[in-house]
K.L.:
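Quick one: the structure is below, and I'll ask about it shortly.
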Amino acid sequence: MQIYNTLTRQKEEFAPREPGKVAMYVCGPTTYNFIHLGNARPLVFFDTVRRYLQYKGYKVKYIQNFTDIDDKIINRAREEGEDPIRLAKRYVEEYYRDADALNVMRADVHPKVSEHLDDIVGMVKTLVDKGYAYVVDGDVYYNISRFRGYGKLSGRSLEDMQAGARVEVDRRKKHPMDFALWKAAKEGEPSWTSPWGAGRPGWHIECSAMSVKYLGNNFDIHGGGFDLIFPHHENEIAQTEAATGQPFARYWMHNGFITINQEKMSKSLGNFFLVREILDKFPPEIVRFFLLSTHYRSPLDFDDEKLSAAGRGLERVKNCLRALEEAVKTNPRPGVSNEDKALIDGLSEKVSRFNDAMDDDFNTALAVGILFDAVAEINAYLHGAAREGGAGMEALGRALEVIKTFNSVLGLFKTDRAGGIILEAQSGADSALVEGLIDIIINMRQEARARKDYAMADSLRNQLGKLGIILEDTPKGVRWKKQG
RNA sequence: GGCGACAUAGCCAAGUGGUAAGGCAGAGGACUGCAAAUCCUCCAUUCCCCAGUUCAAAUCUGGGUGUCGCCUCCA
């Protein structure tokens, strides 16, 4: 398996530090608002990485933090007149609602800054003691000039950065690019005690302290968005390697941006779409499918039209699944015919290509293409079986299994306890009553058709259609589904 | 100003030396009362432009054009 490593700027063969086990850390959101689509991309992508590694048989330890102490949170809390810690906590809960909807698995640990002050202060102290950090008026700064490898992740030199520095230089810093490990408390801000007085952690130190705490000094994969390469991850490396004296994360992975009209989506530009808003209009599996349809390192342009085109594509997969489940119910014939054998072999080839695609730096776009190939092959088989002797039990079982396998990695559809794919999340209000009513209408329409009253039949179908209920007349009877 | 990425059909998008996956949209046909779903067939002699390397390039090299990103909080 090959992984593109930002650190070396090339694909490398993946070999975890401990055979069979993978330790990974993904930078999570700062919780001062609902998450937007740009936040969702790394969530969904790295969740897929995790799922694939597990599918490959690795035991994965997956950590994703919440930044719940931060300037943006404090500012937001001030505007809302709410306690910052409470506000952050609220948005952590909201985060889970969105992430769960997108079928993102929970991390093994979701550490919060507010619960790791001891670890953070401990690491800052180590850096001060080792001479990598200095104290000025209760602030603690990292002295980047002391760290020889500074710039190795983002591929820039200290000189380049000094020339390009756009920020007003704080005269108290030894180097303009020195960054805060610890910020002295200001009036009215939450603060914690430390050897340097009351204050709070700088942004970068939390990930260093927490990742090392849960995964050790040199874990396998560290992930996040492209924009974290500099300064966040560069600084993490400087801090952690200086503190531990060992190399930090081994593979650095970064996902590309979501753009709107080819421009970066970001909170600062104000052109962002909340996951919550998008999920009001589209089912979550479409959003997830859309995110995985492009390679993770490429930019992905978002608009409603593209999402709905993706949804129309995903519908093919759903239809195939429905047809498959229906075929299984109509007592398939035992044994393995030549056609059955051809399908089973064809599907094995798809699985092998799917694995190859994912092995090549998690090429989910190619993997999705292979899913469609499998769907086309299954549909053609079902189509042929319909006019001949019927489908074979073993072939159908294999087809269902392959689609489920692909789904377990891509995480598009949620599954029930028995491992079955859930296609329609029926809301509680629906179910029995609605289904009963629809059956009554379908029967009325069938009677109309029987007496060739097509005007009535079509009218009933159209009216249901307006409510998002789609009827399909098949040789085996009428089938209905919800739109989307 | 420094550094970097990308440019493939109407749209989205794989493919990084061997002769263009897949999806959406579209055209024709089968099935159907009509639809829908599904199946079959078609839909880029060509991969931003120019030059070069090679038996062979969308893929490598050089130059140009365009778009985007990072250098400041940001996934």
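Each chain gets a letter, A, B and so on, in the order the sequences are listed, and its residues count up from 1.
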K.L.:
Which nucleotide, C39(B), A35(B), A75(B), lies nearest any side-chain atom of Ala380(A)?
P.N.:
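Shortest atom-to-atom distance from the side chain points to C39(B).
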K.L.:
Considering only side-chain heavy atoms of Arg156(A), which listed nucleotide, G2(B), U72(B), G33(B), is closest?
P.N.:
G2(B)
K.L.:
Determine whether the aromatic ring centres of Tyr32(A) and Tyr91(A) lie less than 6.0 Å apart.
P.N.:
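Not under 6.0 Å, so no.
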K.L.:
Hey, does the side chain of Lys264(A) come within less than 4.0 Å of C70(B)'s phosphate (OP1/OP2), counting only N and O?
P.N.:
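Checking C70(B) against Lys264(A), a side-chain N or O does come within under 4.0 Å of OP1 or OP2.
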K.L.:
Tell me every residue that passes ring pair (Phe, Tyr, Trp, His ring centres under 6.0 Å) with Phe282(A), counting only those two or more places apart in sequence or in another chain.
P.N.:
none
K.L.:
Under 3.5 Å, is there a donor-acceptor pair linking the side chains of Thr48(A) and Arg288(A)?
P.N.:
yes
K.L.:
One pair to check against ring-ring contact (aromatic ring centres under 6.0 Å, His included): His116(A) and Tyr214(A). What are the steps and the verdict?
P.N.:
CA-CA 11 Å; His116(A) 291 79; Tyr214(A) 292 102; 5.6 Å; yes
K.L.:
Does a side-chain N-to-carboxylate-O contact under 4.0 Å join Glu94(A) and Arg97(A)?
P.N.:
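Yes, Glu94(A) and Arg97(A) are salt-bridged.
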K.L.:
Can you tell which of U38(B), G69(B), A75(B) lies closest to the side chain of Glu263(A)?
P.N.:
G69(B)
K.L.:
Mark yes or no for a side-chain to base donor-acceptor pair under 3.5 Å between Asp227(A) and C73(B), with no hydrogen or angle criteria applied.
P.N.:
no
K.L.:
Does a side-chain N-to-carboxylate-O contact under 4.0 Å join Glu326(A) and Lys476(A)?
P.N.:
no
K.L.:
Tyr454(A) on top of G33(B)'s base, within under 5.5 Å and under 30°?
P.N.:
yes
K.L.:
What one-letter contact string describes nucleotides 12-25 of chain B from 5' to 3', where B marks a base within less than 4.0 Å of any protein heavy atom, S marks contact via sugar-phosphate atoms alone, and - marks no contact?
P.N.:
SSSS-----BSSSS
